[in-house]
Amino acid sequence: MSEKRFGSIEAGGTKFVCAVGNEQFEILEISIFPTEAPKKTMKQVEEFFSQYPVDALSIGTFGPVDIDHTSLTYGEILASPKKAWQGFNFIQSVKEWFSDPVFLTTDVNSSAYGEYVMGSAKMVDSCVYVTVGTGIGAGVIQNNQFVGGTTHLEIGHGLVHRHEEDLAFAGVCPYHGGSCFEGVAAGPSIEKRTGISGEELPKDHPVWKIEAYYLAQLAYDLRVNFAPAKIIFGGGVINEQLMEKVREQFEAINAGYVTVPELNGFIVASTFEDNASATIGNFALAKKILMESKKA
Ligand code: ZN
């Protein structure tokens, strides 16, 4: 029996990453191209996988998206700020040229799964992956299942308590201004305050203290709501100095209330390079759907 190949489509707001992996989830082929109109971008996806065939595919996409596999609109992009993609159905589009099993979830769920199978959460049964980049989102896993009742979670749009030195900032969320985490702590909020991107902002800039205050609140909310074994941060804004500040602020907010593992191992930055956790997660999810399809 020949070795299986698994495909990953990571559909981000600015770029698509298509990759092929083997049964050890090693990346064999990878292609990165900008996110344009659905027709053009999906043509590039199709061309990639016709060149490098796979046995099953998993898609991790920006949202909001219908991830309920029993729904008639499974795979459809909902009220996304990316207008050209609203109403676009990923599953149907891929099924036009791919007849093997396809799985779809959010990009952060794919990343969480990558951390769960091969990353920081490999040795534990629960974790949360939080991305802090263009937006803020989180995927929660418990006992090999994604958490979310009717659809995916929207933790980035949860309400935030503002830092006293940041009250004048209006925020950047089109829906909630400066009232939600995404509005005050996503990459664009850092750039709006300072004129410099989160990746390039000097590590001693005072905005990092404010950023850490918000991410510590988010980590605290995740702890009290889901009690995960690990909280893993990834995305363009995250760096180790910031994580250090987040742990300090977490400790101050918690004030000794809930028990947590040792903080250096509880609140961590992703160890995957180039945010590869979503790609690895998709390989594992493609393998899972392939095995399930054989049982059915
Ligand atoms: Zn919001």
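First listed ligand is number 1; within each ligand, the first listed atom is number 1.
Distances shorter than 2.8 Å separate the Zn ion (ligand 1) from the protein N/O/S atoms His157 ND1, Cys173 SG, His176 ND1, Cys180 SG.
Across every non-hydrogen atom of Tyr116 and Asn144, the tightest pair is OH-N, 3.0 Å.
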Quick one: side chains of residues 172-180, donor-acceptor pairs under 3.5 Å with protein atoms, not counting sequence neighbours, listed by atom name and distance.
residue, atom, partner, partner atom, Å
His176, ND1, His157, ND1, 3.4
Ser179, OG, His176, O, 3.4

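Residues Tyr214 and Asp166 have side chains that bring a donor and an acceptor to within less than 3.5 angstrom of each other.
Within the structure, every pair that satisfies the salt bridge (Lys or Arg N to Asp or Glu O under 4.0 Å) test and touches residues 203-219, not counting sequence neighbours, is listed here: Glu165-Lys209. Here salt bridge (Lys or Arg N to Asp or Glu O under 4.0 Å) pairs that include residues 106-135, with residues two or more places apart or in two chains, number zero.
Put simply, the residue from Phe62, Trp85, Phe48 that forms a ring-ring contact (aromatic ring centres under 6.0 Å, His included) with Phe16 is Trp85.
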